[in-house]
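A short worksheet on the structure shown next.
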Amino acid sequence: MLIAAPTGSGKTFAAFLAAIDDLLRQGLDGALPDAIQVVYVSPLKALSNDIQKNLSQPLGEIRAALEADGLPDANIRVLLRTGDTSPADRQAMVKQPPHILVTTPESLYLILTSERARETLRHVRTVIVDEIHAVARDKRGSHLTLSLERLAALSRHPLQRIGLSATQKPIEEIARFLVGTGRPLPTIVDSGHTRALDLALEIPPSPLEAVMSAEVWEEVDERLAQLITEHKTTLVFVNTRRLCERLTMQLSERLGADRVTSHHGSLSREKRLEAETRLKNGELKALVATASLELGIDIGSVDLVCQVSTPRSIATLLQRVGRSGHRLGAVPKGRIFPLSRDELIECAALLRAAREGQLDRLIIPQRPLDILAQQVVAAVACEEWDEDALYDLVRQAYPYRDLPRKDYDDVLRMLSEGFTTRRGRRAAYIHYDGVNRRLRARRGARLAALTSGGAIPDLGDYRVVLEPTETFVGTLNEDFAIESAPGDIFQLGNASYLIL
């Protein structure tokens, strides 16, 4: 099933209802085993945290209702597994699996490839892919579709797939992307993506140039501070982590350091969760964020969304503005701040497209062979495969539906005969039995799959640690670190740090 509905309409909870109902019925019959039956996949760790927290409330209310009626408690457990999950929690999850697993595409791949953890996925019945548009447009989506096919082959039950998004075009192709080839087109519930929006451009008094001047930046900061003061809670979106920290510092000087903070992927998990909690509790006047808070179901009562610089796509604009107005009858309110003359034209076009109900067309990558090589090594590291059977499994994934056999054979040849890595080493990860047409893993294949998987670019970031407590604060981009020297000061979160 594919559900398309505006942001904030409750589609995520709708997807969970049928699965929770099935788990409750099993619990009432006394047959709810300690096994993962529902896997929720989110493209962002912040959204995963959000889902886990927001599921606890309805499950708690269901538990109270069962107790009031004298019925046994199904004790449905929800656990989170992302890159932030501690090794101890991961081991505990293997010993006592939850009934609902909340994870990311990369963590699902790691669980499928892990020797022990993959056994917890043999009873999965339902997979929910939230914000499916966010992964379908790049290689992360291709990677996820192969993981879903591996999961379908591993599970002992037919796999029900549910996709969710507010911005999907063309929706029929996204539906095929969700279920793969050789299967019927899923049921599409399309309630549209448009809703009433309060959108406007914010243009500074001074003329916009090709590059922002200090004078114009000052005017933008003043206008942002004014808008934040006029509203209870404001979410400010930017496109880069560096701009996020810079804008946080500038707004903190005007509004107070305790009323403004930042949220982006370079911050530690604790810092991000603290920012999310303070926002939901109404302790912040403004939160400056990158795409780390672009998606989600509940970030509290946000009255205004400000987009600094062009969001670059209609879908991104709708998603970000849709973070506001999460109340019955409320209208999402957004203000866009172009930073140059070129951006002014682009933002005006985006505003017009949003008002006319248009959407960007998603271009799904076709047959990325680097992703295929990763998943082949991971699959073979877990079990021996017949080469034809693995080829058939790969072609069930929508991006690989037209994969030529020659390309598949070339990938197998490269992985079996070896190739030169970036460090100049010769690497071969699988053994190809040409007589029996079987694929087996070589020594080190599983380790390579676990440490080198995924489609997110590998950045050489540096950890920022406070001395002498060894408290992890976040990471520093390698480009900034290379350009910096001892004695330089940089901003991370609400604090300034000195490079030693």
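Just so it is clear, the structure is predicted and the values come from calculations on it, not from any experiment. The figures that follow rest on heavy atoms only: side chains count, while hydrogens, waters and symmetry mates do not.
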- Does the salt bridge (charged side-chain N to carboxylate O under 4.0 Å, His left out) test come out yes or no for Arg312 and Glu346, once each step is laid out? CA-CA 8 Å; Arg312 299 195 180 97; Glu346 184 175 338; 6.0 Å; no
- Under the side chain to side chain donor-acceptor pair (under 3.5 Å) rule, what do Ser309 and Glu343 come out as? Steps first, then yes or no, please. CA-CA 7 Å; Ser309 185; Glu343 286 194 1; 2.8 Å; yes
- Message: As a quick check of understanding, evaluate salt bridge (charged side-chain N to carboxylate O under 4.0 Å, His left out) for Arg183 and Glu149, giving each step before the final call.
- Response: CA-CA 12 Å; Arg183 302 183 181 96; Glu149 295 304 330; 2.9 Å; yes
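At most 12 non-hydrogen atoms from other residues, nucleotides or ligands lie less than 6.0 angstrom from CZ of Arg352.
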Expected list for residues 16-25: side-chain donor-acceptor pairs under 3.5 angstrom, two or more places apart:
unit_1, atom_1, unit_2, atom_2, d
Asp21, OD2, Arg25, NE, 2.9
Asp22, OD2, Gln26, NE2, 3.0

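Residues that satisfy the side chain to side chain contact (heavy atoms under 4.5 Å, CB included) test with Asp360, not counting sequence neighbours, are Ser313, Ile314, Ala315. For Arg355, there are no side-chain hydrogen bond (donor to acceptor under 3.5 Å, both in side chains) partners at least two apart in sequence or on another chain. Remark: Pro368 pairs with Lys139, Ser142, Asp370, Ile371, Tyr400 by the side chain to side chain contact (heavy atoms under 4.5 Å, CB included) rule, at least two apart or across chains. For Glu173, the side chain to side chain contact (heavy atoms under 4.5 Å, CB included) partners at least two apart in sequence or on another chain are Pro170, Arg361, Ile364, Tyr398. By the side chain to side chain contact (heavy atoms under 4.5 Å, CB included) test, Arg90 pairs with Arg81, Thr85, sequence neighbours left out.
Among all heavy-atom pairs drawn from Ala134 and Pro43, the shortest one is CB-CG, 4.1 Å.
Between Glu245 and His264, the side chains place a donor N or O and an acceptor N or O closer than 3.5 Å (distance only, hydrogens not considered). If you check the side chains of Glu230 and Gln226, you find a donor sitting under 3.5 Å from an acceptor.
Judged by distance alone, the side chain of Ser262 and the main-chain N or O of Cys244 form no donor-acceptor pair under 3.5 Å. A donor-acceptor pair is defined here as one N or O able to donate and one able to accept, closer than 3.5 Å; no such pair exists between the side chain of Asp407 and the backbone of Leu403.
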